[in-house]
Protein chains: 2
Amino acid sequence: MTMPPAANQPDRRSRKRLATRRTISAVADRLFFERGFDNVTVDEIAAAADVGRMTVFNHFARKEDMFFDRDEEGRESLRDALRQRDPSVPPVEALRLLAHQLVREQAPYLEFSARSESFIETVKGSETLKARARAIRGELETLVAGALAECVGRDLNDPDAHLAAGLLLASWTVAFIQAHRTFHETRDSDKATALFLALIDKGAIGATAAMAGTPYA
Amino acid sequence: MTMPPAANQPDRRSRKRLATRRTISAVADRLFFERGFDNVTVDEIAAAADVGRMTVFNHFARKEDMFFDRDEEGRESLRDALRQRDPSVPPVEALRLLAHQLVREQAPYLEFSARSESFIETVKGSETLKARARAIRGELETLVAGALAECVGRDLNDPDAHLAAGLLLASWTVAFIQAHRTFHETRDSDKATALFLALIDKGAIGATAAMAGTPYA
DNA sequence: TCAATAAATGTACTCAGTACAAAATTATAT
DNA sequence: ATATAATTTTGTACTGAGTACATTTATTGA
């Protein structure tokens, strides 16, 4: 049985900070799911979490950041997949394999179930959240482009790297949305998973063909 | 010499409305280019255009709409290219040809010159404008997906249509950005044009490969 | 216990966008 | 022409996110 760290341990500060952050996030998420993102004000969140309004913005620069708080994991997955890949497998193929692996291990929001369904529905119900989702996609695209270029020792601005990243992110996004739509309509999680992987694979075929003659495929 | 239409013509109303709209748009654009989108308030625009603040929002639902006011033309080009295509040329190829044609006829922002450069720079300087650009891209993607599905008589939700649209829009976006970046760095408009078309063609190869076995290619 | 540091909070502000009503303008029918 | 209807313009007052800055409160290390 693990004891809680002694109260006088030098980082009670960090622990308290993390605790209030998590409280705010949890309270906010509950309200967002219950009533829709745009129908919840930051004042309400602060009140419900029993903190000052400024404390909310102290922990989350944007209201949307209380909702999307796992995108860092996605970034790491993408970086790792490209950095730690077997050099004999082309970068584009490495990302295809990553998609398959993430589905296998039921990564967050890649399990097609009621759980992630409410997440998706909440996003679909808010222009603000959709805008933030598009922005995150853009950040991931830049990250992938950079990682691809680094992989093969090219310049960060290499147009081919950006094209490959653009095509891959497009595949992932379409696969994600279409699979969730399919689950929403049929409630068949196997069917959704199959569609997701089929679209990922078609996209990878496309990206590979587009990258013929480059080191990316 | 053309005379102005008689003042008592029944649609002076529409003409006046259009006139104030154009005044607002012109004044706003000048301010945006001069000082950056985010450094200009709607109040300033209203004052500079000598209209009430509400009039601005009467004509433009969002501040960004004063800047992006030509996206309807793009929509029409895309629709027409797919509707009026020779049935022997596959939809994906029809869109590739459209890109080449638009560059040939120096469509707005597909001429790589100082003119469009300031446009791009203004967008790059504003998170708000970048967000709106991403949203417009999303709308175009939905439009292309629908037009593609219609083309071949499939359902509007056909996942293949969405994948094709996603891949194509990704190519167009990357081509657009990389070509403008190249012009910005080299001031060589021929080089920018060549890069734009090369990326469009690579993207089309990718989309065609991804769509193998479907009616879209 | 005291001084330094960092977190939480309060106050007051800016700005985009909305709701609603009133005023001004233009069109239409008699 | 003139009354009336329709539309555009405008003003007022509001909401809500986000920021600047100062202050208080809690934690840390000496």
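Residue numbers begin at 1 in each chain, while the letters A, B, ... track the order of the sequences.
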key: Check: B:V51 main-chain N/O paired with B:T55 side-chain donor or acceptor under 3.5 Å   = no
query = Quick one: B:D11 CG to C:dT25 C1', roughly how many Å, whole number?
reply = 15 Å
query = Rounded to the nearest Å, what distance is computed from the CZ atom of residue B:R15 to the P atom of nucleotide C:dT25?
reply = 16 Å
ask   = Between atom CZ in A:R13 and atom P in D:dT28, what is the gap in whole Å?
value = 6 Å
inquiry  = Distance check needed: D:dG18 P versus A:M66 CE, whole Å only.
reply    = 8 Å
task = Would you classify B:R53 as touching base, sugar-phosphate or nothing, given that sugar-phosphate means primed atoms plus P, OP1 and OP2, and contacts are heavy atoms under 4.0 Å?
result = base
inquiry  = Does this structure show an ion pair linking A:R30 with A:E34, if we count only N-O contacts that are shorter than 4.0 Å?
reply    = yes
remark   = Here the distance between atom P of C:dA16 and atom CD of B:E44, to the nearest Å, is 9 Å
inquiry  = What is the distance, to the nearest angstrom, from the CG atom on A:N39 to the C1' atom on D:dA17?
reply    = 15 Å
message = What contact category does A:V56 fall into here, base, sugar-phosphate, or nothing, at under 4.0 angstrom with non-hydrogen atoms?
response = nothing
ask   = With a non-hydrogen cut-off below 4.0 angstrom, is B:T55 in contact with a base, only sugar-phosphate, or nothing?
value = base
key: A:E76/A:R79 ion pair, N-O < 4.0 Å   = no
Whole angstrom value for the distance that separates P of D:dG16 from CZ of A:R35 = 11 Å
key: Chi angles and distances behind the ring-ring contact (aromatic ring centres under 6.0 Å, His included) call for A:F119, A:Y109   = CA-CA 8 Å; A:F119 174 82; A:Y109 314 117; 4.0 Å; yes
Pair of N/O donor and acceptor under 3.5 Å linking D:dA26 base with A:R12 side chain = no
Contact under 4.0 Å: A:R62 side-chain N or O vs D:dG18 OP1/OP2 = no
ask   = Between C:dT26, C:dC15, C:dG17, which one does the side chain of B:K16 approach most closely?
value = C:dT26
query = Is the shortest side-chain N to carboxylate O distance from B:E64 to B:K130 below 4.0 Å?
reply = no
ask   = Do the side-chain N or O atoms of B:R17 get closer than 4.0 angstrom to the phosphate oxygens (OP1, OP2) of D:dT9?
value = yes
ask   = Reckon A:E64 touches a base, only the sugar-phosphate, or nothing at all at heavy-atom distances under 4.0 Å?
value = sugar-phosphate
ask   = OP1 or OP2 of D:dT8 less than 4.0 angstrom from a side-chain nitrogen or oxygen of B:H59, does that happen here?
value = no
key: Out of C:dA8, D:dT27, D:dA17, whichever nucleotide has its closest atom nearest the side chain of A:F57   = D:dA17
key: A:D38 CG - D:dT15 P separation (whole Å)   = 17 Å
inquiry  = Counting only side-chain nitrogens and oxygens, does A:T20 get under 4.0 Å of the OP1 or OP2 atom of C:dA8?
reply    = yes
